[in-house]
Structures are given as C-alpha cells and as structure tokens.
S.K.: 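To start, I am sharing the structure in question, which I have written as structure tokens.
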Amino acid sequence: MDDRSPLPTAIADGLQRPDLVRRQAYVAGRWCDADAGETIQVTDPATGEVVGSVPACGAAETRRAIEAAQAAQLAWAARSAKERATVLRRWFELMLTHQDDLARIMTREQGKPLAESRGEIGYAASFIEWFGEEAKRAYGDLIPGPTRDRRISVLKQPVGVCAAITPWNFPAAMITRKVAPALAAGCAIVVKPSELTPFSALAMAVLAEQAGVPPGLLAVVTGHARPIGAELTGNPIVRKLSFTGSTAVGKQLMAACAGTVKRLSLELGGNAPFIVFDDADLDAAVAGAMASKFRNAGQTCVCANRILVQAGIHDRFVEALAAAVGALKLGNGLDPGVQIGPLIDDRALDKVRGHVADALAKGARQIVGGAPLPPRGAFFAPTVLAGIEPGMRVLREETFGPVAPVTRFETEEQAVQMANDTEFGLAAYFYSRDIGRITRVTERLEYGIVGVNEGLISTEVAPFGGIKESGFGSEGSRYGLDEYLSRKYVCLGGQ
Ligand SMILES: NC(=O)c1ccc[n+]([C@@H]2O[C@H](COP(=O)([O-])OP(=O)(O)OC[C@H]3O[C@@H](n4cnc5c(N)ncnc54)[C@H](O)[C@@H]3O)[C@@H](O)[C@H]2O)c1
Ligand SMILES: O=C[C@H](O)CS(=O)(=O)O
C-alpha cells in the first residue's frame, strides 16, 4: 500500500510539508514496507531521541528495485537529453522550494546546525542543476579516418543500471552528486543511504517523483548495509557502483564488484594536511582553518585533519586559532546560533575521545577544550592540541571530529614531506603569499583536491575526487557525467 499520508514521527515536527517524511522505502516506483515488516529506528544524535523508523529492506526488495530500474532505464535513455534536463530542472526547483523542510529533516537525523543543513541542501541541489545542464553536452567525436573509405566516430551512451551507497555525513549532497549525473546520462540508479540518515534521501525521492522522474528509475532502499550491498554488488544487471564512505568499506565493495566487473567510483576517506607558511596571511589562515576544520563538527572527508604551521608564525597562529575555537557555540543544531552540533553517534564520540587521549598521553598540550557539554547527545567540545608529534593517532587516522591538532615545522621541504606522509590523497590546503612557493607546493602535494589560501573549496563546477587510498573518479564538473557514460567507437567502412 502506498503511504501518502503525513507521518506521525517526531522528525516531521515543524515541517510545512510533513509528507516529505516517509517511513517507507521507494522501490520499483512504489512506497513500501520491508517484506518481513522489519524496521530500523533513526535517532537524533543531539538528544538520543528516536525520531522515526524506516523499513529494513533486504536482498529481495533490492533485487526488485534493480529489475524495475532496468525496465525504466531503457525508456529514460530513449528520451532526448533536453527532456531529461527538464525533469532535473524541476527537481532542482523543488529542492530549493522545500529547502527549509529538507534542512530541518537533515538536522534531526544528522545533527548538523540548521544553517549548515540548509547550506547542504543548496549544495545538493546545485548538482541537480549542474547535471541538468550537462545532460545536453554529452558530446561524442568525429575523428578523421585512417583511410579515405572509413568514417570514425565515438558515441557516448549511458552505462545502464547504477547503484549508489552513501554516507551519513552529507545525507543529501552525497546522493545528488551521484543521482543527478546518472539520470542526466540516461541511467537508472538504486540508492542505499546510510541507515543513520535515511529520511533526507527519502524526502528527496518524494520531490524527484513529483518532478517527473519516472517510476522505477530512481529507488531508495533503506535497511541494513550488508544484505542490500551484497545484492547491489553481486547482481549483474547493475553495471556501475558509486560509493562514498570509508576506505575500509570501499575496499570491500571494490572486491565485491569484481565478480561482475562493474564500473566504479570511490570517494573514500581523507587525512587532509592544512599547511600555514610563515608568509601566510595570518587572519586568512585562521579563518580558513576554522571553516575547513569545524564544518559539520569536523565530520567531513575534506576537513583539515592535520594542521602544520611553520615555526615563525606558529605561536601567533595557535593563539589566534585558540581564540576562535574557544568562541564556537556548541549545542542542538535546531537552536539559533549553534555552530557545533553533536557527532553522529557514540562510536564516533569514542574515536574522537581516543584520539585526544592518545595525543595527550604522548605529550601533546591541550590549548582549548573540555568546555561544558549538554547532558545528552554525542557532543565533543571543540579542541586545539599543540605539540603534535609523529606516532600520535591524530596524524595517521581520520579523526572526524572537532579537534585541531597543530604540528610545528621548519622548512618547506619538511612540510611537503609531512603532508604527503599518508596513504590518503583526497584534499590538502596551504596558505602562502609567495607565488614561487605556491607553484612548487601545489605541484608536489599528492592529493586530488588542493586549496590555496582557501579552506572551503567544494563546488559542483569542479571535479571532486581523491587519489591513493582516497579512491578514484570525479564527482561534479564536466568530468562527473563521464562516470555514467560509456564510449563506443564506430568505424563506418565501405565509403
Ligand atoms: N571522499 C568523499 O567524498 C567522502 C564523503 C563523505 C564521507 N567520506 C568518508 O566516509 C566515512 C564516514 O562515513 P560513514 O561512516 O558512513 O562510512 P561507512 O563506510 O561506514 O559507510 C558508508 C556507507 O556504506 C554502507 N556500508 C557499510 N558497510 C557496508 C557493506 N559491507 N556493504 C555495503 N554497504 C556498506 C553504510 O551503510 C553507508 O551507507 C569517512 O571515512 C569519510 O572520510 C568520504
Ligand atoms: O565529506 C565529504 C564531502 O564530500 C564534503 S564536501 O561537502 O563535498 O566538501
């Protein structure tokens, strides 16, 4: 039975359109419960309150979604690029119309401050807008033939049925960064959102359906990761998997896709260095570090994870950073002015606590931290650590929390060596006003994304992606569409 009524769940409180909150999965163009009737509860990380539940779908529901996607994809690919673009444009406009409701849903299930949730909805919508435009630019080639009797051409055609598995930290943008190019290219896509933040995905599916995305073309299958993931990676109808999440899971999924040789896009973990040279603009560097480090309470893959500061500016930078961090307002993301919300859950909180304890036990100094916390929720006080040395976990692992570990360095060579000393290669940042240094360091950093004198650089117009164990493939930009297209070489002979 389709569930068309508003839902009696706390996550729908205060919404203009409570029907955006769905407690059913979107499978084969229909809103449905899990076959076995099992559900997964969703918790507000700021309060620990259960705010709703979604179906715990499994392999059978996933298979139905894949088979419906296959049927819908052929008709969708046969539509003109302009027709596909028109549907995406309507979806983009609906996302912006309901930006406040979508933001409120996100804050209730993910915890980030409402202003950040609103910003993410705008960012998520920008991928739909962008790829609605790019849909009309899937250009092929006409190539001068090797002989007079042959005509060489290259067609770009949709990959077919795709799958997306996405994380909890950006519950909307990590989905539209995949769904928008897939639909633009003429593909169908089955999405498995994080079990921690499914309502944002379901709400976007409500709007996609309203925008005219045909039944079955998009599916949102909620439930436990393993059974759904096993079907998405093992079913031969699925020709591509796009995954955003941890490197550990990415490696598992990469292996699981090998049996059917699926196309892959992997957006994985990071360990971003944030380098401040003596010639940097101090105020700009502090502002950039705050923006990069503390967005989403430090729970982003491109957060400054290690802050490397040259000896000549170190003490002034630490003092200024500590003052800014000490002024951050922590609390429930629904409350006005809150800048730091909770971590996603107690497991995340334990990891951040462990990183700080490890650093302090090995000689680091806590410059800022330990502020009073709300009585409930997975909160961690914004923290600045100095005296960070090799061997501390904060240098080797992705902290994913509001902790700024500062290391002092002496020379440019030392900074580049330290920055590259990791298996990750997603984002890196540095501040300098020396053009020769900017050129040298930009070229030597082993990362897919480099911010120079900027701490927040993610945008739909640029290719987002990592190297090394941060994955491969690009999302956004004109390159993002190619992830969902195959090239066909055609040789027309006998001319
Ligand atoms: N590179 C990027 O663009 C990017 C963006 C956001 C997050 N991340 C990374 O994601 C991590 C945090 O997100 P997370 O905790 O959700 O990551 P995660 O890898 O634990 O989970 C990501 C998704 O994978 C699913 N999943 C987990 N195990 C699975 C399995 N065995 N089979 C199928 N699906 C499975 C989860 O349910 C979730 O939907 C961090 O490492 C962060 O750096 C990277
Ligand atoms: O967490 C990773 C996201 O990709 C962050 S961003 O919003 O794209 O910068």
S.K.: So how far is it from Leu102 CG to Met204 CE, rounded to the nearest 0.5 Å?
M.R.: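 With rounding to 0.5 Å, CG (Leu102) is 8.0 Å from CE (Met204).
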S.K.: Given 3.5 Å as the limit, does a donor-acceptor pair link the side chain of Asp345 with the main chain of Ala348, or not?
M.R.: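 Judged by distance alone, yes, a pair lies under 3.5 Å.
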S.K.: Is it the case that Ser265 and Lys178 place a side-chain donor and acceptor less than 3.5 Å from each other?
M.R.: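 The criterion, which ignores hydrogens and geometry beyond distance, is not satisfied for Lys178 and Ser265.
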S.K.: Hey, does the side chain of Arg104 reach the backbone of Ser117 with a donor-acceptor pair shorter than 3.5 angstrom?
M.R.: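 Answer holds: no.
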S.K.: Checking salt bridge (Lys or Arg N to Asp or Glu O under 4.0 Å) between Glu231 and each of Arg226, Arg63, Arg64, which is the one that passes?
M.R.: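 Per the salt bridge (Lys or Arg N to Asp or Glu O under 4.0 Å) rule, the option paired with Glu231 is Arg63, out of Arg226, Arg63, Arg64.
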S.K.: Let me see the working for Leu202 and Trp31 under side-chain contact (heavy atoms from CB on, under 4.5 Å), right down to the final yes or no.
M.R.: CA-CA 10 Å; Leu202 295 168; Trp31 296 94; 3.9 Å; yes
S.K.: Report yes or no: does Thr39 contribute a side-chain atom to a donor-acceptor pair with the main-chain N or O of Val54 at less than 3.5 Å?
M.R.: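 Side chain of Thr39 to backbone of Val54: no pair is present.
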S.K.: Starting at CD of Glu93, measure out to CG of Leu88 and round the result to the nearest 0.5 Å.
M.R.: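 If we round to the nearest 0.5 Å, Glu93:CD and Leu88:CG are 11.0 Å apart.
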S.K.: Looking at Asp101 and Arg17, would you say the former's side chain and the latter's main chain have a donor-acceptor pair under 3.5 Å?
M.R.: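 Looks like yes, one N/O pair under 3.5 Å.
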S.K.: Thr300: which residues meet the side-chain contact (heavy atoms from CB on, under 4.5 Å) condition with it, sequence neighbours left out?
M.R.: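 In terms of side-chain contact (heavy atoms from CB on, under 4.5 Å), with neighbours along the sequence ignored, Thr300 is linked to Phe170, Arg295, Asn296, Val302, Cys303.
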S.K.: Please check: side-chain N/O of Glu398 versus main-chain N/O of Gly270, any donor-acceptor pairing under 3.5 Å?
M.R.: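 Yes: the side chain of Glu398 pairs with the backbone of Gly270.
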S.K.: Heavy atoms, side chains only, cut-off 4.5 Å: are Val325 and Met290 in contact?
M.R.: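 Touching, per the 4.5 Å side-chain cut-off.
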S.K.: Which atoms form the tightest heavy-atom contact between Arg79 and Val87, and what is the distance?
M.R.: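 Heavy atoms only, the tightest pair is NH1-CG2, 3.9 Å.
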S.K.: Crowded around Gln41 CD? As in, over 12 foreign heavy atoms under 6.0 Å?
M.R.: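 Not more than 12 within 6.0 Å, no.
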S.K.: Apply side-chain contact (heavy atoms from CB on, under 4.5 Å) to Phe380 and Ile340, showing your working.
M.R.: CA-CA 9 Å; Phe380 191 86; Ile340 300 289; over 6 Å; no
S.K.: How far apart are the C-alpha atoms of Met174 and Glu267, what are their side-chain angles, what is the distance that settles it, and do they pass the side-chain contact (heavy atoms from CB on, under 4.5 Å) test?
M.R.: CA-CA 10 Å; Met174 297 305 99; Glu267 300 286 353; over 6 Å; no
S.K.: Decide yes or no for Thr62 and Pro227: does some side-chain heavy atom of the first lie under 4.5 Å from some side-chain heavy atom of the second?
M.R.: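 In short, these two side chains do not touch, never coming nearer than 4.5 Å.
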S.K.: Would you say the side chain of Val249 lies within less than 4.5 Å of the side chain of Phe243, judging by non-hydrogen atoms?
M.R.: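 Yes; the side chains approach each other to less than 4.5 Å.
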S.K.: Once you round to the nearest 0.5 Å, how far does CG of Leu20 lie from CZ of Phe199?
M.R.: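 Here the rounded value is 12.0 Å.
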S.K.: I'd like to know if the side chain of Lys240 reaches the main chain of Glu483, judged simply by a donor and an acceptor atom lying under 3.5 Å from each other, with no hydrogens or angles considered.
M.R.: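 Yes, because the side chain of Lys240 sits within donor-acceptor range (under 3.5 Å) of the backbone of Glu483.
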S.K.: If you compare all heavy atoms of Thr176 against all heavy atoms of Ala124, which two are closest, and at what distance to 0.1 Å?
M.R.: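 Distance-wise, the nearest heavy atoms are OG1-O, 2.9 Å.
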S.K.: Between CG of Leu426 and CD1 of Ile467, what distance do you get to the nearest 0.5 Å?
M.R.: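 Reported value, rounded in 0.5 Å steps: 9.5 Å.
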S.K.: Could you check whether any side-chain N or O of Gln73 sits under 3.5 Å from a backbone N or O of Gly186, counting only pairs where one atom can act as donor and the other as acceptor?
M.R.: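 Answer holds: yes.
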S.K.: Heavy atoms only: give me the nearest Gln299-Trp168 pair and the separation to one decimal.
M.R.: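 Smallest interatomic distance, heavy atoms only, reads OE1-CH2, 3.2 Å.
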S.K.: Run the side-chain contact (heavy atoms from CB on, under 4.5 Å) check on Phe424 and Asn305 step by step: do they pass?
M.R.: CA-CA 11 Å; Phe424 294 103; Asn305 199 60; over 6 Å; no
S.K.: Just by distance, no angles: are the side chains of Ser126 and Glu460 close enough, under 3.5 Å, to form a donor-acceptor pair?
M.R.: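 Looking only at side-chain atoms, Glu460 and Ser126 do form a donor-acceptor pair, the distance falling under 3.5 Å.
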S.K.: For residues Ala205 and Val220, report the shortest heavy-atom separation together with the two atoms involved.
M.R.: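 Distance-wise, the nearest heavy atoms are CB-CG2, 3.9 Å.
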S.K.: Is there a side-chain contact between Thr197 and Met106 in this structure, where contact means two heavy atoms from C-beta onward sitting under 4.5 Å apart?
M.R.: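 No. Closest side-chain heavy atoms not under 4.5 Å.
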S.K.: Is there a side-chain contact between Lys351 and Arg347 (heavy atoms, below 4.5 Å)?
M.R.: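 Heavy-atom side-chain distance check fails, nothing below 4.5 Å.
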S.K.: If we count only N and O atoms by modelled type, under 3.5 Å, do the side chains of Ser80 and Lys82 hold a donor and an acceptor together?
M.R.: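 On atom types as modelled, these side chains do not qualify, holding no pair under 3.5 Å.
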S.K.: Look at atom NZ of Lys136 and say whether more than 12 heavy atoms of other residues, nucleotides or ligands are closer to it than 6.0 Å.
M.R.: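 Atom NZ in Lys136 is crowded, with more than 12 foreign heavy atoms closer than 6.0 Å.
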S.K.: Give, for atom SG of Cys162 and atom NZ of Lys262, the distance between the pair rounded to the nearest 0.5 Å.
M.R.: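 Here the interatomic distance stands at 10.5 Å.
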S.K.: Give a yes or no answer on whether the side chain of Trp76 reaches the backbone of Ala69 with a donor-acceptor pair at less than 3.5 Å.
M.R.: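 Not at all, since once roles are kept as given, no pair shorter than 3.5 Å links the two residues.
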S.K.: Indicate yes or no: does Lys156 engage Asp482 in a salt bridge with an N to O separation below 4.0 Å.
M.R.: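 A salt bridge links Lys156 with Asp482.
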S.K.: Taking the side chain as everything from C-beta on, heavy atoms only, tell me whether Ile66 gets closer than 4.5 Å to Val238.
M.R.: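 Side-chain contact under 4.5 Å: yes.
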S.K.: Evaluate the side-chain proximity of His355 to Pro405: yes if any heavy-atom separation is below 4.5 Å, no if none is.
M.R.: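 When only atoms from C-beta onward are counted, His355 and Pro405 do not touch, as no gap falls below 4.5 Å.
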S.K.: With Phe274 as reference, evaluate Phe430, Tyr431, Tyr447 under the ring-ring contact (aromatic ring centres under 6.0 Å, His included) test and give the passing residue.
M.R.: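 Only match with Phe274 under ring-ring contact (aromatic ring centres under 6.0 Å, His included): Tyr431.
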S.K.: Looking at side-chain heavy atoms only, is the closest gap between Ile105 and Ile11 below 4.5 Å?
M.R.: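 In short, these two side chains touch, coming nearer than 4.5 Å.
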S.K.: Is atom CZ of Arg137 surrounded by more than 12 heavy atoms (other residues, nucleotides or ligands) closer than 6.0 Å?
M.R.: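 More than 12 within 6.0 Å, yes.
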S.K.: Once you round to the nearest 0.5 Å, how far does CH2 of Trp130 lie from CG of Leu481?
M.R.: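 Between Trp130 CH2 and Leu481 CG, I get 10.5 Å after rounding to 0.5 Å.
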S.K.: Just by distance, no angles: are the side chains of Ser200 and Glu109 close enough, under 3.5 Å, to form a donor-acceptor pair?
M.R.: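 Yes - a donor-acceptor pair under 3.5 Å links their side chains.
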S.K.: Output yes when a side-chain donor or acceptor of Ser292 lies under 3.5 Å from a complementary backbone atom of Ala289, and no otherwise.
M.R.: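 It does not hold such a pair.
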S.K.: Of the non-hydrogen atoms in Leu96 and Gly122, which two are nearest, and what is the gap between them?
M.R.: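 Closest approach of Leu96 to Gly122, heavy atoms only: CD2-CA, 4.5 Å.
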S.K.: Using a strict threshold of under 4.0 Å (side-chain N to carboxylate O), is an ion pair present between Arg108 and Glu49?
M.R.: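 Between Arg108 and Glu49 there is a salt bridge, with a charged N closer than 4.0 Å to a carboxylate O.
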S.K.: Under 3.5 Å, is there a donor-acceptor pair between the Gln24 and Asp33 side chains?
M.R.: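 Yes, because at least one side-chain N or O of Gln24 sits under 3.5 Å from a partner of the opposite role on Asp33.
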S.K.: Glu454: what forms a salt bridge (Lys or Arg N to Asp or Glu O under 4.0 Å) with it, not counting sequence neighbours?
M.R.: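 For Glu454 there are no salt bridge (Lys or Arg N to Asp or Glu O under 4.0 Å) partners, ignoring immediate neighbours.
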S.K.: Counting heavy atoms not belonging to Arg478, are there more than 12 under 6.0 Å from its CZ?
M.R.: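 No, CZ of Arg478 has 12 or fewer neighbouring heavy atoms, counting only those of other groups under 6.0 Å.
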S.K.: On a heavy-atom basis, which atom in Pro463 and which in Ser477 lie closest, and how many Å separate them?
M.R.: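 Smallest heavy-atom distance, with atoms named: N-CB, 3.3 Å.
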S.K.: Between Arg84 (side chain) and Ala184 (backbone), is there a donor-acceptor pair under 3.5 Å?
M.R.: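 Side chain of Arg84 to backbone of Ala184, a donor-acceptor pair under 3.5 Å: yes, one is there.
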S.K.: So for atom OH, which belongs to Tyr479, do other residues, nucleotides or ligands contribute more than 12 heavy atoms lying within a distance under 6.0 Å?
M.R.: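 Not more than 12 within 6.0 Å, no.
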